[in-house]
Amino acid sequence: MTIIAISNLKGGTGKTTSAVLLATAFYRAGNSVTVVDLDPQGSATEWAQMAEKAGQPLPFPVTLGNVRTTKNIKENTDYTILDCPPGDPRLIDAAIGVADLVVVPVQPSGIETERMWDTVDIAGKDKAIVLLTSVLIQAKSTTALSDALAEEGVRVFRGAIPRREEIRHWYGHSPHGQLHGYESIAQQIKEARHD
Ligand SMILES: Nc1ncnc2c1ncn2[C@@H]1O[C@H](COP(=O)(O)OP(=O)(O)OP(=O)(O)O)[C@@H](O)[C@H]1O
Ligand SMILES: [Mg+2]
């Protein structure tokens, strides 16, 4: 059983999207998975509710969590994915504390990356793995960031998630068809955990 926190101190970096799509990839690979919504904004919860109303519910539970439930988390699925809020240190600390792995989604362009380094510091290099996302094809900034992360000894997933309108439109729906690279991210996590 593996607990994955999805965290970046910066808002709007693709945390909730990554939580739901990664969970979908694990589910399709035959694993049981739960998403825990730690964000008071409730985006993951709203996503699940909208999908249910549309008649195509997400194929895994999305539950609400807080600092207390996180500290006492009970793992009853192969993967538990904690969707963290951007700016609540107590929640983020609690999530990182119980997590086996901290996925840090980041758009690899200038100002977007600043808070990523702080997030990696808080998580520590043993737990943190950076996920390059919303990437524009052939952007030089992607290679530059990958090089900077390698130089600092920070792990990064192989392959980046592209920026796609389809991904944006999946909010509130059960994703269908290919997951634009989240399948490979799930596979890399499974390999790293020997699951
Ligand atoms: N790969 C992608 N391609 C296109 N749009 C994307 C991609 N990933 C995320 N988005 C869009 O970017 C916006 C922010 O994504 P998301 O809500 O997942 O970020 P977040 O980090 O959870 O935000 P918050 O910090 O507010 O919780 C959303 O509109 C989402 O649909
Ligand atoms: Mg979010």
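One-based numbering, in listed order, for ligands and for the atoms of each.
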(Q) Please work out, at 4.0 Å between heavy atoms, whether the side chain, the backbone, both, or neither of Gln41 comes within that distance of ligand 1. (A) side chain
Q) Backbone or side chain, does any N or O of Gly12 fall under 3.5 Å from an N or O of ligand 1? A) yes
Q: Would you please determine whether Pro85 falls within less than 4.0 Å of ligand 1 on a heavy-atom basis?
A: no
Q) Counting backbone and side-chain atoms alike, does Gln41 have an N/O/S atom under 2.8 Å from the Mg ion (ligand 2)? A) no
Q) Is it the case that Ser184 and Gln188 place a side-chain donor and acceptor less than 3.5 Å from each other? A) yes
Q: Just jot down the ligand 1 atoms closer than 4.0 angstrom to any heavy atom of Thr16, in number order.
A: 18 (O), 20 (P), 22 (O)
Q | Glu166 heavy atom under 4.0 Å from ligand 1 | A | no
Q: Can you sort out which atoms of ligand 1 are near Pro86, meaning under 4.0 Å from one of its heavy atoms?
A: 25 (O)
Q | Heavy atom of the protein closest to atom 20 (P) of ligand 1 (residue, atom name, distance) | A | Lys15 N, 3.4 Å
Q) Should Ser18 be counted as touching ligand 1, given the test is an N or O pair under 3.5 Å? A) no
Q. Applying the side-chain contact (heavy atoms from CB on, under 4.5 Å) test to Ser7, which of Val103, Leu82, Ile92 qualifies?
A. Ile92
Q | Heavy-atom protein neighbour under 4.0 angstrom from atom 22 (O) of ligand 1 | A | yes
Q: Look up atom 7 (C) of ligand 1 and tell me if a protein heavy atom lies less than 4.0 Å from it?
A: yes
Q. With hydrophobic residues grouped by side-chain heavy-atom distances under 4.5 Å, do Val156 and Val106 end up in a single group?
A. yes
(Q) Need the ligand 1 atom indices (1-based, order shown) with element for anything under 4.0 Å from a heavy-atom of Gly11. (A) 25 (O)
(Q) As a check for students: among Ser43, Gly181, Pro162, identify the option with a heavy atom nearest to atom 1 (N) of ligand 1. (A) Pro162
Q. Is it true that Ile81 and Ile185 fall in one hydrophobic cluster, defined by side-chain heavy atoms closer than 4.5 Å?
A. yes
Q.
Show the atoms of ligand 1 that are less than 4.0 angstrom away from any heavy atom in Gly14.
A. 15 (O), 16 (P), 18 (O), 19 (O), 20 (P), 21 (O)
Q. Can you list the atoms of ligand 1 that are under 4.0 Å from a heavy atom of Thr13?
A. 19 (O), 20 (P), 21 (O)
Q) Where is the nearest protein heavy atom to atom 11 (C) of ligand 1: which residue, which atom, and how far? A) Arg168 CG, 4.0 Å
Q: Can you pull out the closest protein heavy atom to atom 3 (N) of ligand 1? Residue, atom name and distance to 0.1 Å, please.
A: Arg164 N, 2.9 Å
(Q) Please tell me whether Thr77 and Thr34 have a donor and an acceptor in their side chains that are separated by less than 3.5 angstrom. (A) yes
(Q) One pair to check against salt bridge (charged side-chain N to carboxylate O under 4.0 Å, His left out): Lys10 and Glu112. What are the steps and the verdict? (A) CA-CA 8 Å; Lys10 189 176 187 314; Glu112 292 292 325; 3.7 Å; yes
Q) How long is the gap from CZ on Phe157 to OG on Ser146, to the nearest 0.5 Å? A) 13.0 Å
Q. Does Ser134 come within less than 4.0 Å of ligand 1, judged by its heavy atoms?
A. yes
Q | Option set Val106, Asp39, Asp83, Val135, criterion heavy-atom distance to atom 27 (O) of ligand 1, minimum | A | Asp39
Q. Among the clusters formed by ILVMFWY side chains lying less than 4.5 Å apart, do Tyr79 and Tyr182 turn up in the same one?
A. yes
Q | Close N or O approach (Arg163, ligand 1; < 3.5 Å) | A | no
(Q) For a 4.5 angstrom cut-off between non-hydrogen side-chain atoms, does Thr2 reach Ile4? (A) yes
Q) Can Val33 be reached from Ile73 by stepping across I, L, V, M, F, W or Y side chains whose heavy atoms are under 4.5 Å apart? A) no
Q: Please assess Gln56 against His173 for the test side-chain hydrogen bond (donor to acceptor under 3.5 Å, both in side chains), listing each intermediate value before the final yes or no.
A: CA-CA 7 Å; Gln56 288 193 319; His173 300 277; over 6 Å; no
Q) If you group Ile, Leu, Val, Met, Phe, Trp and Tyr by side-chain heavy-atom gaps below 4.5 Å, do Ile161 and Val135 land in one group? A) no
